[in-house]
Amino acid sequence: MSRDRSNVTALLDDAPSYSRQNAGGIFVVIKGPDRGEAIRLTNEPVSFGSGPQCSLVLTDKTVSRKHLEASLIDNEVVMTDCGSTNGTFIQGSRFERISIGFGAEVKLGRTVIKFLPDEEIVEPEPSVQTAFGSIVGGDTKMRQMFTLLEDVAATNATVLIEGETGTGKELIAEEIHIHSPRKDGPFVVFDCGSVPRELIESMLFGHVKGSFTGAITDRRGAFAEAHGGTIFLDEIGEMALDLQPSLLRVLDKRAVRKVGSNTYEKIDVRVVAATNRDLRAEVAKKTFREDLYYRLAVIRVSVPPLRERGSDIPLLIQHFVSSFGPGLSVTPEDMARLVRHSWPGNVRELRNVIERACLLARGSTINLEDALVSEAAPSLGIRTDLPFKEAKGQLVERFEQEYIEDLMRRHKMNLSAAAREAQIDRKHLRELIRKYGLDPRHKMDGEAPGGGGDEELD
């Protein structure tokens, strides 16, 4: 029998710059004889079974004629077993009726279907403006982002902002809040990467007196403090995997339960999250929950790094000079030098350099020479123009790479010998080798890998 694929959509493989999730979602067969078949759920229910009357006809002989139906009810996806012979299961448990979220896998007979968001690439018309609040940019991608942010700010949709460190993700989140109906409510910033792991639940959700050692009074969490406004979850990709289900429950229920409490407190918050990681890659590595990713990426914004919008550098320079040194000018030579710079720290690095150049000015022009000289501590290459956490991370990564390269070169890529000398676990050493691309099949300084020791890398 031919299949009607008019309501089947293709999933996005590569993450676009801007995307949004449409209402409903897509069911994809991931296991069974009909693997690869898919159907979209919108306002009309869809059914699954071996009978020709079903929306998605399955050839699996262990599936009933009308086995299962999915409906979109008040923005919830509800699955109902239609009296099937063999039953329908989620995570090994049989159900008759259940509400599911993105990432859920449903088993009927020998077939498994997975529910995924109906993700759509968004290509907004570039704004005629070269700024969105305090965010400045004339590049086409930036002006497209301004159009999208203007539209998104007026809604309550959850937004995920992805981009390298220093691209202005927190500034974007704040402008979304300022341009929203919640602008008179609180804007609460919570850095998931800087809070000790053992305190993160208490600081996010609050705690009751006596719930743990040191809890001498009740405490409101960041979600409660953001009630009526917006909570910005920065560095969401740093949240430990075992803590992610608690956040997912809050996003689903729109209610928080304090540590040590048995009751939930309703909250009215708009959630904006940000990360400098590729969360799709983290999901594939199983270090970030798939269902949480889908819950956060209702609207997804990817901020371009400064190196991809070099034409914005003169515009940004003039913007920062106007802020930090009104009346100062930039010589053509200095402008050319700034445009040529690679700016690994993105807009934040440019801003810090211009601020310093304005403060060090001795006449009517910025003092770029001294500003760039003081950008790093030359003895160790320490970036003092970056936040402490970021500068420390760059220095540690440089140390790790140079240490491991020299260690493995001296031991001719012999893993056991190198691990013994460095006094680190072989598994951790192998991870570091892979992290820095030290392929044992390639020669290092003319030497062949593998020195005949007791264990080579592979």
Side-chain angles (χ1 to χ4, degrees), residues 1-14 19-121 244-245 248-249 251-253 280 283-286 288-298:
M1 177 180 291
S2 62
R3 307 273 177 120
D4 176 13
R5 300 188 60 86
S6 60
N7 58 349
V8 173
T9 189
L11 297 176
L12 300 174
D13 294 322
D14 298 322
S19 64
R20 68 177 169 219
Q21 295 171 8
N22 293 320
I26 303 167
F27 288 99
V28 182
V29 179
I30 62 171
K31 186 177 180 181
D34 304 288
R35 182 175 178 178
E37 293 294 321
I39 192 165
R40 177 187 290 132
L41 172 68
T42 54
N43 292 323
E44 295 297 319
V46 294
S47 55
F48 308 82
S50 58
Q53 79 278 15
C54 291
S55 310
L56 184 59
V57 180
L58 302 170
T59 59
D60 183 351
K61 296 185 184 301
T62 61
V63 169
S64 298
R65 290 182 62 80
K66 187 177 180 183
H67 196 114
L68 180 68
E69 185 173 86
S71 304
L72 184 61
I73 303 173
D74 295 330
N75 293 321
E76 278 196 324
V77 177
V78 178
M79 306 288 285
T80 306
D81 183 273
C82 302
S84 66
T85 301
N86 292 320
T88 313
F89 300 81
I90 283 186
Q91 296 180 337
S93 298
R94 186 168 181 167
F95 69 87
E96 293 183 0
R97 183 180 173 90
I98 194 171
S99 175
I100 66 167
F102 295 131
E105 296 182 7
V106 182
K107 188 174 187 294
L108 50 161
R110 297 190 180 94
T111 295
V112 177
I113 58 175
K114 187 169 186 174
F115 185 55
L116 297 171
D118 181 7
E119 191 177 15
E120 175 187 13
I121 296 175
Q244 293 173 22
L248 182 64
R249 281 194 294 272
L251 297 179
D252 284 339
K253 291 176 176 289
R280 290 191 177 213
V283 168
K285 292 190 296 185
K286 300 190 183 302
F288 197 86
R289 286 182 64 109
E290 183 180 31
D291 47 4
L292 179 57
Y293 169 76
Y294 292 139
R295 194 69 183 79
L296 293 169
V298 177

Which heavy atom in [X] sits nearest to a heavy atom in [Y], and how many Å separate them?
X   : Y   : value
M79 : F27 : SD-CZ, 3.6 Å
L72 : V77 : CD1-CG2, 4.0 Å
I39 : V46 : CD1-CG1, 4.2 Å
F95 : I90 : CE2-CG1, 3.7 Å

task = Report the C-alpha distance between D34 and L56 in whole Å, list the side-chain angles of each, state the deciding distance to 0.1 Å, and finish with yes or no for side chain to side chain contact (heavy atoms under 4.5 Å, CB included).
result = CA-CA 10 Å; D34 304 288; L56 184 59; over 6 Å; no

Below 3.5 Å, can you tabulate the donor-acceptor pairs from side chains in residues 100-112 to any protein atom, sequence neighbours excluded?
unit_1	atom_1	unit_2	atom_2	d
K107	NZ	G109	O	2.7
T111	OG1	D60	OD2	2.8

Distance from [X] atom [atom1] to [Y] atom [atom2], nearest 0.5 Å?
X    : Y    : atom1 : atom2 : value
T80  : I73  : OG1   : CD1   : 7.0 Å
D252 : D291 : CG    : CG    : 8.0 Å
L296 : L248 : CG    : CG    : 8.5 Å
D81  : N86  : CG    : CG    : 10.0 Å
R40  : D118 : CZ    : CG    : 4.5 Å
I113 : I30  : CD1   : CD1   : 9.5 Å

Please confirm whether the backbone N or O of [Y] pairs with a side-chain atom of [X], one donor and one acceptor, at under 3.5 Å?
X    : Y    : answer
Q244 : R289 : yes
S47  : S55  : yes
R295 : L251 : yes
S64  : T85  : yes
S50  : V63  : yes
Q21  : A297 : yes
H67  : G83  : no

query = How would you list, by chain and number, every residue that makes a side chain to side chain contact (heavy atoms under 4.5 Å, CB included) with K286, sequence neighbours excluded?
reply =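 With sequence neighbours excluded, K286 shows a side chain to side chain contact (heavy atoms under 4.5 Å, CB included) to no residue whatsoever.
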
task = Would you please name every residue forming a side chain to side chain contact (heavy atoms under 4.5 Å, CB included) with Q53, sequence neighbours left out?
result =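 Here the qualifying residues are R65, K66.
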
query = For E290, which of K285, R280, K114 qualifies under salt bridge (Lys or Arg N to Asp or Glu O under 4.0 Å)?
reply =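 Result for salt bridge (Lys or Arg N to Asp or Glu O under 4.0 Å) with E290: K114.
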
query = Side chains of I98 and T88: closer than 4.5 Å at any heavy-atom pair?
reply =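 Result no, sub-4.5 Å side-chain heavy-atom pair not found.
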
